[in-house]
Amino acid sequence: MCDYSAMPATVTATQIPWTAIVGIAGIAGTVLATYLTNRSAAERVRLQQNYEDSRRFHAERRELYGKLLAQAQTCRELSVRNHNHENNPLSEDSDEAMKPLALDAFLTLSMTGKQVQLIATAPTQTAADTLVKNATVLIIRSGKGKVEFDFDNKKLHEAETALRPLAQSCCPQRVAQ
């Protein structure tokens, strides 16, 4: 058996091997440094992914808003080409030639308007909806009198003017690096 009475009751500082303490401190420091490095790297990756997601989202928004405005302009151009300022009805030939173009413009405008409704803020949704309605009215009333045409064209211009700043404000501009 072991005689415990021969062992000292307390350990004194002279009995602790200082190399062991330095080794333990070194290992703890290495583990802590590795943990902090991994944590900061993970945070950097997360921030970079969030930035890329945001950049892509805003790029898609800009693309859709631009497409919506371009389609409204296409509707205006078709209406101008199809419009007769003398209040005479359109000839059957020109009406038939314009129908596929007008239908395609209307469908694209409508589809783009629905896509904008999914991603836009509430004020931008309202402005986009007004733009789609006014462009549709301009196509449908094409061939009417000059007064109606000018009124519809003015309404479409107002809707475009209302949408532009809203679309620009919710899509941060790309900063030069």
Rounding to 0.5 Å, atoms CG (Asn134) and CZ (Phe151) come to a distance of 8.5 Å

So, do Leu69 and Leu131 sit near enough that their side-chain heavy atoms are less than 4.5 Å apart? yes

Quick one: are His157 and Thr161 in side-chain contact, heavy atoms under 4.5 Å? yes

Glu160 and Leu163, any side-chain heavy atoms less than 4.5 Å apart: no

Is there a side-chain contact between Thr124 and Ile119, using heavy atoms and a 4.5 Å cut-off? no

Are Arg62 and His58 close enough that some pair of their side-chain heavy atoms sits under 4.5 Å apart? yes

Could you walk me through whether Lys154 and Asp150 pass the salt bridge (charged side-chain N to carboxylate O under 4.0 Å, His left out) check? CA-CA 6 Å; Lys154 181 181 175 192; Asp150 289 342; over 6 Å; no

Please identify each residue that fulfils salt bridge (Lys or Arg N to Asp or Glu O under 4.0 Å) with Arg46, with sequence neighbours left out. Glu43

For the hydrophobic clusters of this structure (ILVMFWY residues joined by side-chain heavy atoms under 4.5 Å, transitively), does one cluster hold both Val31 and Ile24? no

Chi angles and distances behind the side chain to side chain contact (heavy atoms under 4.5 Å, CB included) call for Phe149, Leu138: CA-CA 7 Å; Phe149 176 79; Leu138 190 63; 4.1 Å; yes

Verify, without hydrogens or angle tests, whether Thr37 (side chain) and Ala33 (backbone) share a donor-acceptor contact under 3.5 angstrom. yes

Exam field: side chain Ser54 to backbone Asn50, donor-acceptor pair closer than 3.5 Å: no

Any chance you could measure Glu63, atom CD, to Arg56, atom CZ, to the nearest 0.5 Å? 13.5 Å

side-chain hydrogen bond (donor to acceptor under 3.5 Å, both in side chains) partners of residues 102-118, not counting sequence neighbours, each pair once: none

Below 4.0 angstrom, N of the basic side chain to O of the carboxylate: do Asp152 and Lys155 qualify? no

Distance (rounded to the nearest 0.5 Å) between Asn153 CG and Cys75 SG: 11.5 Å

Besides Leu36, the hydrophobic cluster formed by Ile, Leu, Val, Met, Phe, Trp and Tyr side chains linked at under 4.5 Å, directly or via other members, contains Leu32, Tyr35

Using 0.5 Å steps for rounding, measure from the CG atom of Leu68 to the CD atom of Gln73. 12.0 Å

Criterion side chain to side chain contact (heavy atoms under 4.5 Å, CB included) on Val116 and Met111, from CA distance to verdict: CA-CA 9 Å; Val116 166; Met111 180 182 68; over 6 Å; no

Closest heavy-atom contact between Ala72 and Leu156? O-CD2, 3.8 Å

Please check if Tyr51 and Val45 belong to a single hydrophobic cluster, counting links between Ile, Leu, Val, Met, Phe, Trp and Tyr side chain heavy atoms closer than 4.5 Å. no

